[in-house]
Amino acid sequence: MNVSNAMQTAIRGRWAVAAIFLANGFLTGSWAPQIPVFLTRLDISKFTLGLLILLFGAGAVTAMTWCGHLISKHGSRTVLRWFGLCGSLGLLVVALAPNVPLAAIAMFIFGGSIGGMDVAMNANAVVVERKMSRAIMSSSHGFWSLGGFAGGGLGGFAIQHYGHLAHAAVVTVLAFAAIAMAVGYLVAEDRPQAAEHHKFTLPANPLVYLIGLMALLTMISEGAVLDWAALYLRQELGADLAVAGLAYAAFSGVMAIMRFFGDGVRNRFGAVMTLRGSAVVAAAGMLVAGLSPSPWLAIAAFALCGFGIANMVPIIFSAGGNQEGMSSGTGMSVVTTMGYSGILVAPSAIGFVAEHSSFGPIFIAMSVLLIVVLLMAGLAHRAEFAPVPAE
């Protein structure tokens, strides 16, 4: 295959994996407006709902842990096809669950399919980056954010007017159609994955776990804003409900926009420099939010934090998927599992601390975690790209 044909294939693969990021975000975002219906339909307490959501997380982490092994044997393209097509059915399975035991099984399966899809699509994005010798991870995550925004924004309206089952069915059809059209254009690794990966083993290279720690610290901060920013504005800064809801909206909206610019910034300044600058901005935003005397200043600070965090996770994921001596799937599996564990574990830990303290010091502590990522940023050098070789 000549250079021109290879680049055209890579470009098609780039848009194919972007479509799957969009579909994954759309499925995840569409789950959020289903939660109130899920609670009342099954007639369960908030505690039981929390346990069911924890099962979603457990399914995701379980699949993420094994997905690297599957990718090392079969390649990211094949594994993404499996998880993508199965994942598109997950929300409908949850919406159809008639009782708590079946809902628990459905939530575990839904979480597993979304989690496995997440690892595989990130690993495939790394493959595309290698073939194109330029960054696409940030904009891929931008498509995920766009899908989540669409799923969450349209879901409530659809459920209110047409019911939760009709909503889940339409989401399933749209996601399945997008994924089915995209999988035929996904690119594959240049060579078969390492033959020695016949059984599940954890990587021996300690660097991948340090990259995973960076993902963990970054995503703990992201999860803190997602779960607690609105309550912070409401309870401690005296904002009304409408204003309190703007905290995460500002954070996520700026994050989505910045992710579409992030690849250009990273290609120009390099992954390590971009990560360092992003960490400084994110830490400053979190610090101002924790010290803010007014809700509007806090909202602006959370927006600044979103500006910084937007491209930190994509760069860290690229570094994890480009570790020497292991497949992109194996490195990505470790980094995503560690990163998403932060979002799963942090909310309950933060809630416990907040009961005995207040949210201000917690957000200040989040800024310290982001400074730690800043100090570790040099470890992300594997996310740098060499110029495309001339042939």
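All figures in this text were calculated on a predicted structure; none of them were measured in a lab. Index from 1, following the sequence.
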ask   = Mind checking whether Phe307 and Val265 sit in one hydrophobic cluster, side chains of I, L, V, M, F, W, Y counted as touching below 4.5 Å?
value = no

query = Side chains of Ser145 and Arg259: is there a donor and an acceptor less than 3.5 Å apart?
reply = yes

request  = State plainly whether one hydrophobic cluster holds both Ile11 and Phe260, where clusters connect Ile, Leu, Val, Met, Phe, Trp and Tyr through side-chain heavy atoms under 4.5 angstrom apart.
outcome  = yes

query = Is any side-chain heavy atom of Trp31 closer than 4.5 Å to a side-chain heavy atom of Val171?
reply = no

remark   = Which of Arg130, Arg382, Arg266 passes side chain to side chain donor-acceptor pair (under 3.5 Å) with Ser318? Answer is Arg266

query = Does a donor on one side chain and an acceptor on the other come within less than 3.5 Å for Asp118 and Asn122?
reply = yes

Please list, one pair per line, the donor and acceptor atoms closer than 3.5 Å that link side chains of residues 288-305 to other protein atoms, with sequence neighbours excluded.
| residue | atom | partner | partner atom | Å |
| --- | --- | --- | --- | --- |
| Ser292 | OG | Ser294 | N | 3.2 |
| Ser292 | OG | Ser294 | O | 2.6 |
| Ser292 | OG | Ala298 | N | 3.2 |
| Ser294 | OG | Leu297 | N | 3.3 |

ask   = Under 4.5 Å between any side-chain heavy atoms of Leu22 and Phe26, yes or no?
value = no

request  = Kindly check if the number of other-residue, nucleotide or ligand heavy atoms within 6.0 Å of CG (Asn99) is above 12?
outcome  = yes

task = State yes or no: do Met132 and Trp15 share one hydrophobic cluster built from I, L, V, M, F, W and Y residues joined by side-chain heavy-atom distances below 4.5 Å, directly or via other members?
result = yes

ask   = Is a donor on one side and an acceptor on the other found under 3.5 Å between the side chain of Glu236 and the backbone of Phe359?
value = yes

query = Do Leu369 and Ile316 belong to the same hydrophobic cluster, where Ile, Leu, Val, Met, Phe, Trp and Tyr are linked whenever their side-chain heavy atoms lie under 4.5 Å apart, directly or via other members?
reply = yes

ask   = Can you name the closest pair of heavy atoms from Thr218 and Leu370 and give their distance?
value = CA-CD2, 4.3 Å

request  = Ignoring hydrogens and angles, state whether a donor on the side chain of Asn311 or His141 is under 3.5 Å from an acceptor on the partner side chain.
outcome  = no

inquiry  = Can you confirm whether Ser140 sits close enough to Arg14 that some side-chain heavy atom of one is under 4.5 Å from a side-chain heavy atom of the other?
reply    = yes

Working for side-chain contact (heavy atoms from CB on, under 4.5 Å), residues Val183 and Leu80 = CA-CA 8 Å; Val183 291; Leu80 184 50; 5.8 Å; no

From Ile20, Leu70, Val119, residue fulfilling side-chain contact (heavy atoms from CB on, under 4.5 Å) relative to Phe83 = Leu70

ask   = Should Ile362 and Tyr232 be marked as a side-chain contact (heavy atoms from CB on, under 4.5 Å) after you check the CA-CA gap, both sets of side-chain angles, and the distance that decides it?
value = CA-CA 10 Å; Ile362 289 172; Tyr232 169 53; over 6 Å; no

